[in-house]
There are 2 protein chains.
Amino acid sequence: MSRPTIEDVARIAGVSIATVSRCLHMPDVVAVKTRERVLSAVRQTGYNLNAAAQSLRQRRSNTVLVMVPDIGNTFFSKILGGIESEASAAGLTMLIGDTGRSRAREDAYVRYLLNGRADGALLLADPQAAWFDIPTRNAMGLPPIVAISEIGPDSGPVTVSIDNEGAAHAAVSHLIGLGHRRIAHVAGPDSNILTAQRVAGYRRALHSAGLQAEPWLEFPGDFGLTSGRAAFARFQGQDQRPSALFFANDEMAMGFLASAYAAGVRVPRDVSIVGFDDIHFAQSCIPALTTIRQPRAEMGAAAMRLLLEIIGGKAPASVQLPYELVIRDSTGPV
Amino acid sequence: MSRPTIEDVARIAGVSIATVSRCLHMPDVVAVKTRERVLSAVRQTGYNLNAAAQSLRQRRSNTVLVMVPDIGNTFFSKILGGIESEASAAGLTMLIGDTGRSRAREDAYVRYLLNGRADGALLLADPQAAWFDIPTRNAMGLPPIVAISEIGPDSGPVTVSIDNEGAAHAAVSHLIGLGHRRIAHVAGPDSNILTAQRVAGYRRALHSAGLQAEPWLEFPGDFGLTSGRAAFARFQGQDQRPSALFFANDEMAMGFLASAYAAGVRVPRDVSIVGFDDIHFAQSCIPALTTIRQPRAEMGAAAMRLLLEIIGGKAPASVQLPYELVIRDSTGPV
DNA sequence: ATCCAAAATGTAAAGCTTTACATTTGCCCA
DNA sequence: TGGGCAAATGTAAAGCTTTACATTTTGGAT
């Protein structure tokens, strides 16, 4: 015996399939007595809607897909929480696709969208392929998309972001305010759109203070723990060590802290550290990390709301949310 | 103009819809010339399969749902990686549902399964509701399920796990081997099935060494940073401080480390610390954390393979994978 | 040229639901 | 009792694909 269908329910309840369908979706238009009979038949048969048939008929799936570049990156989790709450409030199921920054996986999820399995998508990272610019997307018939944070502005989708350049500026200005003059920056990967913005903010802050931006004070990085450790090695090896470092994310700062501790370099006495993101563990770093907090839950929620608007036929503008400099124990006077 | 259908493609290519379908799924049975014509028509129209129709007809969705209790918990990410690689090798798309340990969300994903949107599910946590025992599941007509780690054994699904009791035993024995005699355990939440297993291993290790398991050495915890900090407060306040603590997970150990550092208590000189899980940040704790590594990617992969077997009609047995004690810098002699 | 088997293609049904429209039922009032 | 209107229910089509089976085409052998 295979899955019961709406027809089985109808037969048992002694009504037509239309009435069963109405019982399930618009219960108030069917007579109370009938409704009871139908619902009891539903229980009796253990009936469940066939989502494929429903979705085929309704031409929508009541699902939203969130494409995450790396689910292991703690930065994304709170964003997902924000998305989920808005999505479920709107009756949509949120599903997460982890692209692992791989082209193949990304393509798999794009196909998912193209096949109509989701009514829209939220992008948490710059895609590998260029399928997200508006003309291409329309040509492909892709459902609407909203990007969060890591995406280029040109002809791309509606976006939720913070002022990364301004935030970097604020972080570095904080260091300057503490008397630091030789301040290094550990950047993100070149491929990431945020990298350039944060570098720009770093440089501008230096300039505002009459300082020179020196190439040898700009360290490469890739957002990973290891590149934080590498940054420490480079820091150690320099003749004129910077008295402070601004990291493009918290994870790299944590890698640096671990290496510094192991080498007996004290933070913030010997060197001040500022991170970016305020991830979960930032408060429990040793020492607790000064960083830039992004309103992650709110970013997710805002993106989901934008997506719902687009699905509803509107054409909302991109949104920029406020960041916050969270001063903890990893920064101090020179 | 709405989405092109297979019929549009057929018309343009001058063939029947059956041929188009065959071109897409069994290209070798159609003549080369025809195939070319069809594929060009596909490109021309920008045709994409309608997943709903396909799934309706085929009675499967080529999707596997992974239910995660808390996507922000870094413990899960590598498991997901393992699942993904096996899933995509089998032509399935992996989707993640974050239940947030909330009953409502969990129900939403169960409904997702019941509606036939996924061909099977992987459970990364003990469900809130009791829908996963085999009789209930069969009665509901749920697709097959495999659980990873955090699930009770009774009448539940096929499971992939490690020997938690043995691992806890190994961790505590390591401390005993270093000369520790007063060893505390910071447990997980009571609701979690793993908690009891790890407590049991802790107690057994003490007994094996002729030590007494004392209630005042068993601290409560909830796997969060904060309960690690609370454990430190309790540790501080005790007359006879333990010389070592075994934590039921790394995150709590990290909370403890942060508080200890702030209070000037040195690890491992003043107190030795062992965690559990070997999460990403464990190697960059200060000091680097001695912990139990679970083969997370392999656990995910194994679970996915089991699920595929069940889908394929077999009835595989549960699997237990080896753990490993990773000794770093947070443990030392008394 | 004819015939046959194999290859290629076509036809049509099935899969399950939603929904516009048609029909029936129930109720109130005259 | 009958008429009329609203409420309740039913009928049937549409949504798009896969696939068993039927039919046509191809190509080779005689």
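When rounded to the nearest whole Å, the span between CZ of A:Arg59 and C1' of D:dG15 equals 7 Å. Here the P atom of nucleotide D:dA14 and the CG atom of B:Asn50 are 17 Å apart, to the nearest Å. Regarding B:Ile17, its CD1 atom lies at a distance of 12 Å from the P atom of C:dA13, rounded to whole Å. At whole-Å resolution of the value, CD in B:Gln58 and C1' in D:dT19 are 10 Å apart. Protein atom CE of B:Met26 is 11 Å distant from nucleotide atom P of D:dT18, rounded to whole Å. For A:Gln54 and D:dG15, the CD to C1' distance is 13 Å, given to the nearest whole Å. Going from atom CD of A:Glu7 over to atom C1' of C:dT17 covers 11 Å, rounded to whole Å. B:His25 places its NE2 atom 7 Å from the C1' atom of D:dT18, with the value rounded to the nearest Å.
Atom CG of B:Asp28 sits in a crowded spot, with more than 12 heavy atoms from other residues, nucleotides or ligands closer than 6.0 Å. Within 6.0 Å of the CD atom in A:Gln58, the count of heavy atoms belonging to other residues, nucleotides or ligands exceeds 12.
Minimum atom distance to the side chain of B:Thr5 is reached by D:dC16, of the listed D:dC16, D:dT19, C:dT9. Checked against C:dC16, C:dT9, C:dT18, the side chain of B:Val30 finds its nearest nucleotide in C:dT9. Ranking C:dG10, C:dT17, D:dT18 by closeness to the B:Ile6 side chain, first place goes to D:dT18.
Residues A:Arg117 and A:Ser61 approach most closely at O-OG, 3.0 Å, considering heavy atoms. Residues A:Val15 and A:Thr34 come closest through the heavy atom pair CG1-CG2, 3.7 Å.
Taking only distance into account, the side chain of A:Arg57 never meets the base of C:dT17 through a donor-acceptor pair shorter than 3.5 Å.
Here A:Arg22 lies in heavy-atom contact (under 4.0 Å) with a base. Residue-level contact check: B:Ala31 touches the backbone only, with heavy atoms under 4.0 Å from sugar-phosphate atoms and none from bases.
The phosphate of D:dT9 (OP1 or OP2) has no side-chain N or O of A:Thr19 nearer than 4.0 angstrom. Taking side-chain N and O atoms only, B:Ser21 has a distance below 4.0 Å to OP1 or OP2 of D:dT18.
Salt bridge annotation for B:Arg111-B:Asp107: absent, with no cationic side-chain nitrogen under 4.0 angstrom from a carboxylate oxygen.
Nearest-nucleotide assignment on DNA chain C puts the 5′-proximal partner with B:Val15, out of B:Val15 and A:Pro4. When each of A:Arg37 and B:Leu24 is assigned the nucleotide of DNA chain D with its nearest heavy atom, A:Arg37 is the one assigned upstream, toward the 5' end. Comparing B:Ala18 and B:Leu56, the nucleotide of DNA chain C nearest to each residue sits closer to the 5' end for B:Ala18.
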